[in-house]
Protein chains: 2
Amino acid sequence: MHLTRYTDYALRVLIFLAVKGDERATIHEIAESFGVSRNHLMKVVQDLSHRGYITTIRGKHGGLLLSRAPEEISLGGLVRDTEHELGLVECLRDGNDCIITPACRLKPIFNEALEAFLAVLDRYTLADMLGPRQPQLARLMQIAISPA
Amino acid sequence: MHLTRYTDYALRVLIFLAVKGDERATIHEIAESFGVSRNHLMKVVQDLSHRGYITTIRGKHGGLLLSRAPEEISLGGLVRDTEHELGLVECLRDGNDCIITPACRLKPIFNEALEAFLAVLDRYTLADMLGPRQPQLARLMQIAISPA
DNA sequence: CGCTAAGCAGTATTTTATATACATGTTAAA
DNA sequence: TTTAACATGTATATAAAATACTGCTTAGCG
């Protein structure tokens, strides 16, 4: 049971931006910092932008900013938005052709379990991911801490 | 977020055997009934056998039987046994090299969510998957209902 | 005794989802 | 008008999972 890297990267982008505060960050910078594919990250960024999580600024000296306060970004919401396929088993997905589906109780049970999973994430926000360790995170991501 | 078909097939094998009751079922028969790979199913079956879920009988007129009552087979336990990789994101897996892991709170949060997921499954058993619909399941799986 | 139907085990191939790379376009500041 | 950023679409590569193949072992039956 895995989430995709797509979702993982979305989380990392948001963490990076949260730590940066009001300073713009570029995709290139974030990709470098985490050592991941710049191109893949770009798609994640576009998605986050379309969904209203971040603001993108084109052109020279462009970059990215959070559009909402970290306290207002729910992890549950994010996972629902970025993890495109949450159908845990075949019977929960499109094109299901498991023959016993009409009589089998797997579906409601796994749905309940998935809801419990997401409910936990709903209780946390991006702010909870940073906690009191923002300076340490900044160091790890090699962000030059901006003078306030 | 998907479980593997491996886990899915394990569930189906157990359901099949539960409906069959004390009659033996062959791997071939189960694979045919669900229209899935006989070879893959065989590996699932071996695993289930090693873990004590089912008893296998070799030789002519051999086959498979449940080793425990359906009420005693927990779904949570089964998923923990058959879903080999439960590390949802990179930082929960071996070989993690996400640079912010030391300061990031993703790990405990996703662990909590995973525990909530499994806790729901822990509340159900194989018997709950059948419910009162055993005859309907038997029909769907094309099991000739054995006279009691 | 040996044939046959079943499970056992290891390896190899195929498939699929995901991730990555590439090529080109658009925007806006300097 | 150049340059540094994001935008978009397509193609390729990678890795995990599923499936197939080959040969072996066990045990009932005639």
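All values reported here derive from a predicted model rather than from experimental measurement. Just so it is clear: chains get the letters A, B, ... in the order the sequence lines come, proteins before strands, and each one is counted from 1.
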K.L.:
When B/L64 is tested against each of B/I30, B/I57, B/L48, B/T55 for side-chain contact (heavy atoms from CB on, under 4.5 Å), which residue passes?
P.N.:
B/I30

K.L.:
Check residues 10-18 of chain B and write down every donor-acceptor pair under 3.5 Å in which the side-chain atom is one partner and the other belongs to a residue at least two apart or another chain.
P.N.:
residue : atom : partner : partner atom : Å
B/R12   : NE   : B/D8    : OD1          : 3.2
B/R12   : NH2  : A/E90   : OE1          : 3.0
B/R12   : NH2  : B/D8    : OD2          : 3.2

K.L.:
Do any of residues 45-59 of chain B sit with a heavy atom less than 4.0 Å from DNA chain D, and if so which?
P.N.:
B/R58, B/G59

K.L.:
Please output the side-chain donor-acceptor pairs of residues 97-110 of chain A that fall under 3.5 Å, not counting sequence neighbours, one pair per line with the distance.
P.N.:
residue : atom : partner : partner atom : Å
A/T101  : OG1  : A/N96   : ND2          : 3.0
A/T101  : OG1  : A/C98   : O            : 2.9
A/R105  : NH1  : B/D128  : O            : 3.2

K.L.:
Mind running a 4.0 Å heavy-atom check of residues 76-88 of chain A against DNA chain C and sending the residues that fall below it, in number order?
P.N.:
none

K.L.:
What salt bridge (Lys or Arg N to Asp or Glu O under 4.0 Å) pairs are there with at least one residue in residues 56-72 of chain A, not counting sequence neighbours?
P.N.:
none

K.L.:
Give every pair of a protein N or O atom and an N or O atom of nucleotides 20-23 of chain D that lie under 3.5 Å apart, one pair per line with the distance.
P.N.:
residue : atom : partner : partner atom : Å
D/dA20  : N6   : B/K43   : NZ           : 2.7
D/dC21  : N4   : B/N39   : OD1          : 3.3

K.L.:
Please check if any side-chain donor atom of B/T125 sits under 3.5 Å from a side-chain acceptor atom of B/S74, or the reverse.
P.N.:
no

K.L.:
Using side-chain contact (heavy atoms from CB on, under 4.5 Å) as the criterion, list what pairs up with B/R80, not counting sequence neighbours.
P.N.:
B/E115, B/L118, B/D122

K.L.:
Sequence neighbours left out, what passes side-chain contact (heavy atoms from CB on, under 4.5 Å) with B/E83? Give chain and number order.
P.N.:
A/M1, B/L3, B/T4, B/T7, B/V79, B/L86

K.L.:
Which residues pass the salt bridge (charged side-chain N to carboxylate O under 4.0 Å, His left out) test with B/R24, sequence neighbours left out?
P.N.:
none

K.L.:
Which residues in residues 5-12 of chain B have at least one heavy atom lying under 4.0 Å from any atom of DNA chain C?
P.N.:
none

K.L.:
Side chain of A/H61, heavy atoms from C-beta onward: which of C/dA30, D/dC6, D/dC29 has the nearest atom to it?
P.N.:
C/dA30

K.L.:
Once ring pair (Phe, Tyr, Trp, His ring centres under 6.0 Å) is applied, do any residues pair with B/H2, and if so which ones, sequence neighbours excluded?
P.N.:
none

K.L.:
With sequence neighbours left out, what residues match A/D47 under side-chain contact (heavy atoms from CB on, under 4.5 Å)?
P.N.:
A/Y6, A/R51, A/H84

